[in-house]
Protein chains: 2
Amino acid sequence: MTELEKGPQGQRRGRGARERVLGASQQLFRDQGINRTGMDQLCAVAQVSKRTAYQHFASKDELVAEYLRRFDPDVMPGVFDRTDLTPRERLLATFELPASTPLCPYIAAAVELHDPQHPASQYARDYKTAIAARLTETAREAGATNPEQLGEQLALLLDGASARTQVLNSDSVPTAAAIAAVIIDNAIPAPSAQPTGERVTTGSAPVPVRGQ
Amino acid sequence: MTELEKGPQGQRRGRGARERVLGASQQLFRDQGINRTGMDQLCAVAQVSKRTAYQHFASKDELVAEYLRRFDPDVMPGVFDRTDLTPRERLLATFELPASTPLCPYIAAAVELHDPQHPASQYARDYKTAIAARLTETAREAGATNPEQLGEQLALLLDGASARTQVLNSDSVPTAAAIAAVIIDNAIPAPSAQPTGERVTTGSAPVPVRGQ
DNA sequence: TCTTATAAACACCGACCTGTGTACTTAACG
DNA sequence: CGTTAAGTACACAGGTCGGTGTTTATAAGA
């Protein structure tokens, strides 16, 4: 543990087996789905022997749960810490996802595993609840009349965009962003301005934010 | 083919093999998911020999596609034909789903199969597009300024409710309905009334309608 | 009745799956 | 150096999967 991580260009095979397995999981579970990714293929991509993989993770189910827990630690939560944006702008920035964002891995896991008791499904619930709480908190800062309601509504829009993008195979995030703009303005009592007509699109600054 | 269907109480085993297979598909694919349902179990539930099942469906993939095509022919489309409702009420009635509605099978199939080229995934796209078109049409009747936009937005809300219900394991349809009420009112230029404050819930008549 | 389509029964195949047992190698650290 | 933890290689078990071959039974239509 002394030589810690051996620099940015990680060595191909050797000591960092666990991290390589998790890295391969992120790639393969996203690209192929969980059920269609076998442990043999996963270990081959990770360049880790299967025996070693099973010494770090008791089962594939546990690996899937850990894969969700470790999923890109700084995806969306980063949006909520942007002090350069107003609370309202932060809520809208949530919908500034890159054009081709894969299906939210939490939704994917919940659907693929199809078992609410599965550790990964439980964590997916926790994560989704946490995101909604963050949105609620920001909605409160933004002065929403009913922050819990707005937070839950925005969370539903994010999930809807993700699911619909997956089914239609075309980006639905802008549609969700347009709805968000309407319901945000509707939920925050305007100090002076009029409540916006119809052509409502998120015309804020381009924000490089990912995740769902 | 003359004795057609043999009455309401279908005979257990015998001539109606194809329909029994499709019936078992609807039950098992919904309850267990597609990937977790093997053909052996499916044929056992359908009380059809596996050999016969494969004489009606060339492969499981084809069965899945046909299962989607046959999925409860009168689920949601029925809402759009209710002449006793105004167009706006019809749009809102779309969200009057029973408390515990399973995940939309089209979303489930698209996520589980994880292949946009799969026949079932293609049909899921077609179906989702058709529903959006119906919503758009109704939105136009309701006098929406931008019917295409409103139709697509409502479709996204339905998908979001379905996906989020699956992940959270708790009903998200009312949340989607509340959003729908807001964006519908926002998209239809009000003849005289004010554009609604905040406490917007679908207070229409209870309509027994299912599907997504 | 005879004919023919439909279905049942049931064993079976090859591929793939998760997970393990065993023996060998390598790298870190004292 | 030697010790010890980490990893490799590889075969293999036990199960499930989708799909097939073969033979026999049965019900419908002529």
Side-chain angles (χ1 to χ4, degrees), chain A residues 1-7 9-25 28-29 32-67 109 112-115 118-120, chain B residues 1-7 9-25 28-29 32-67 109 112-115 118-120:
Chain A
M1 271 76 168
T2 327
E3 189 85 21
L4 69 119
E5 250 71 50
K6 194 67 79 54
Q9 174 58 14
Q11 70 284 27
R12 271 304 90 192
R13 54 179 59 219
R15 284 292 121 118
R18 184 185 173 92
E19 296 309 311
R20 261 177 291 145
V21 169
L22 287 169
S25 300
L28 294 175
F29 290 164
Q32 307 181 342
I34 294 170
N35 290 329
R36 304 187 102 76
T37 299
M39 290 298 286
D40 288 277
Q41 183 195 10
L42 197 150
C43 291
V45 170
Q47 289 190 281
V48 163
S49 87
K50 205 158 59 154
R51 205 68 192 77
T52 301
Y54 274 101
Q55 252 146 12
H56 285 288
F57 306 95
S59 64
K60 184 184 179 181
D61 284 342
E62 196 177 278
L63 169 60
V64 172
E66 191 64 22
Y67 145 77
E112 281 203 73
L113 303 175
H114 217 274
D115 172 18
H118 191 290
Chain B
M1 271 73 169
T2 328
E3 189 83 22
L4 70 118
E5 250 72 48
K6 193 63 79 51
Q9 175 58 16
Q11 69 283 29
R12 271 304 90 192
R13 54 181 58 219
R15 284 292 120 121
R18 182 185 174 93
E19 296 309 312
R20 264 178 289 144
V21 169
L22 287 170
S25 300
L28 294 174
F29 289 164
Q32 308 182 340
I34 296 170
N35 290 328
R36 304 185 101 77
T37 299
M39 290 298 287
D40 288 278
Q41 182 194 12
L42 198 149
C43 291
V45 170
Q47 289 189 278
V48 162
S49 87
K50 205 155 67 148
R51 204 69 193 80
T52 301
Y54 276 100
Q55 250 146 15
H56 286 288
F57 306 96
S59 65
K60 184 184 178 181
D61 285 340
E62 195 177 278
L63 168 61
V64 172
E66 191 64 20
Y67 146 75
E112 282 204 72
L113 303 175
H114 217 273
D115 173 18
H118 191 291

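Below, each value reflects all heavy atoms present in this structure, side chains not excepted, and no hydrogens, waters or symmetry copies. Protein chains get the first letters and strands the later ones, always in sequence-line order, with residue 1 at the start of each.
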In whole angstrom, give the distance that lies between atom [atom1] of [X] and atom [atom2] of [N].
X	N	atom1	atom2	value
A:L63	C:dG19	CG	C1'	13 Å
B:F29	D:dG18	CZ	C1'	12 Å
A:K50	C:dA23	NZ	P	19 Å
A:Y54	C:dC17	OH	P	11 Å
A:H118	C:dT18	NE2	P	12 Å
A:M39	D:dT8	CE	C1'	16 Å
B:Q55	D:dG21	CD	P	11 Å
A:R36	C:dA15	CZ	P	18 Å

Next item on the list: Kindly say if B:S49 contacts the phosphate of C:dA9, meaning a side-chain N or O under 4.0 Å from OP1 or OP2.
Entry: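 False: B:S49 side-chain N/O out of range (4.0 Å or more) of C:dA9 OP1/OP2.
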Next item on the list: Respond yes when some side-chain nitrogen or oxygen of B:H56 is under 4.0 Å from OP1 or OP2 of C:dA7, and no when none is.
Entry: yes
Check: Any donor-acceptor pair under 3.5 Å joining the side chain of B:K60 to the base of D:dG19?
Finding: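 No, the side chain and the base share no sub-3.5 Å donor-acceptor pair.
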Check: Do A:R51 side-chain and D:dG7 base share a donor-acceptor contact under 3.5 Å?
Finding: no
Margin query: Within this structure, what is the CZ-CG distance for the pair A:R36 and B:N35, rounded to the nearest 0.5 Å?
Written below: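 It is 5.5 Å, given to the nearest 0.5 Å.
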Check: What distance do A:L113 atom CG and B:E112 atom CD have between them, rounded to the nearest 0.5 Å?
Finding: 10.0 Å
Check: So do A:E66 and A:H56 actually touch side chain to side chain, heavy atoms under 4.5 Å?
Finding: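 In short, these two side chains do not touch, never coming nearer than 4.5 Å.
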Next item on the list: Would you check if B:M39 and B:Y54 make a side-chain contact, meaning some heavy-atom pair closer than 4.5 Å?
Entry: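 Heavy-atom side-chain distance check passes, below 4.5 Å.
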Note to self: So if I take every side-chain heavy atom of B:V48 and compare against C:dA8, D:dT20, C:dA28, which nucleotide ends up nearest?
What the structure shows: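 Of the options given, the side chain of B:V48 lies nearest C:dA8.
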Note to self: Can you identify which nucleotide, out of C:dT18, C:dA8, D:dG18, has its nearest atom closest to the B:R20 side chain?
What the structure shows: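 Ranking C:dT18, C:dA8, D:dG18 by closest atom to the B:R20 side chain puts C:dA8 first.
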Check: Name the one of A:L63, A:T52, A:V64 that satisfies side-chain contact (heavy atoms from CB on, under 4.5 Å) with A:F57?
Finding: A:L63
